[in-house]
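Note: hydrogens, waters and symmetry copies are ignored here, and every other heavy atom, side chains too, is used. Residues: numbered from 1 along the sequence shown.
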Amino acid sequence: MPQLALTVGWLVSGCLLQTLWNLQCGHAPERGILDHDLFYFDDADTGWEAEDAVIRTAERLFADLPIDIQVRNQARVHRWYAEKFGQACAPLTSSCDGIDHFLNQSPCFGVRRLGDEHEVYAPLGFHDLFAMTLRPNPRRA
């Protein structure tokens, strides 16, 4: 992921939640994971071509892994959200803003590498995650 040089890039969402829930239930960590989501935020160029270039670079970098990588520029979400989900969303202001607005609270966290360290962003904490509870996120209608 550091080789992508994403502007504030995070590994987020279901792959993290599903891994933890799998481990809690005694399953293989990768069981049921459909994809691995990478968020970044680049509002300098919100055109499809710029995001697609990052997606293609990620496909090359991760080609040796048996997983599907979904890369999304959070600065573009408001441009396609209504068409995909049937209601508009306000423009996001950062990658963390994207994490803040997941539909339910459990997966509202992300992990990224900063040099030799890892940073975790969890605006709603981990109670629901470790309790294996799905609860609507009050930040989303």
May I ask you to test the [X]-[Y] pair for a side-chain heavy-atom distance under 4.5 Å?
| X | Y | answer |
| --- | --- | --- |
| H36 | D68 | no |
| F39 | L6 | no |
| V111 | H118 | yes |
| N137 | C108 | yes |
| V54 | Y40 | yes |
| L4 | F62 | yes |
| D35 | D37 | yes |
| Q18 | P29 | no |

Discussion item. Can a donor-acceptor pair be found, under 3.5 Å and without considering hydrogens, that links the side chain of H27 to the backbone of L23?
Written reply: no
Worksheet item: When you measure from the side chain of W21 to the backbone N and O of F130, does any donor-acceptor pair fall under 3.5 Å?
Response: no
Do [X] and [Y] sit in the same hydrophobic cluster, where Ile, Leu, Val, Met, Phe, Trp and Tyr count as joined when their side-chain heavy atoms come under 4.5 Å apart?
| X | Y | answer |
| --- | --- | --- |
| I67 | I33 | no |
| V12 | L65 | no |
| Y81 | L92 | yes |
| V8 | M1 | no |
| L103 | L134 | no |

Is it true that atom [atom1] of [X] has more than 12 heavy atoms of other residues, nucleotides or ligands lying nearer than 6.0 Å?
| X | atom1 | result |
| --- | --- | --- |
| E117 | CD | no |
| D64 | CG | yes |
| H78 | NE2 | yes |

Going from [atom1] on [X] to [atom2] on [Y], what distance comes out if it is rounded to the nearest 0.5 angstrom?
| X | Y | atom1 | atom2 | result |
| --- | --- | --- | --- | --- |
| M132 | L20 | CE | CG | 10.0 Å |
| Q105 | L124 | CD | CG | 5.0 Å |
| S106 | R135 | OG | CZ | 8.0 Å |
| N73 | L38 | CG | CG | 12.5 Å |
| C15 | Q70 | SG | CD | 11.0 Å |

Residues 41-48 side chain polar contacts: donor-acceptor under 3.5 Å, at least two apart:
unit_1 : atom_1 : unit_2 : atom_2 : d
D42    : OD1    : A44    : N      : 3.0
D45    : OD1    : G47    : N      : 3.0
T46    : OG1    : R79    : NH1    : 3.1

For [X] and [Y], work out which heavy atoms get closest and say how close.
| X | Y | result |
| --- | --- | --- |
| G98 | Q74 | CA-OE1, 3.4 Å |
| A58 | V71 | CB-CG2, 3.6 Å |
| D100 | P123 | OD1-CG, 3.2 Å |
| N22 | R31 | ND2-O, 2.7 Å |

Item to complete: Step through it carefully: locate the ring centre of F102, locate the ring centre of Y121, and say whether they are under 6.0 Å apart.
Response: no
Discussion item. Measuring centre to centre across the rings, with the benzene-like ring taken for any Trp, is F126 within less than 6.0 Å of F109?
Written reply: yes
Worksheet, complete the sentence: Checking R56, R72, R76 against E51 for side-chain hydrogen bond (donor to acceptor under 3.5 Å, both in side chains), the one that qualifies is R76
Fill in: Counterpart residues, salt bridge (Lys or Arg N to Asp or Glu O under 4.0 Å), relative to R113 (two or more places apart)
none
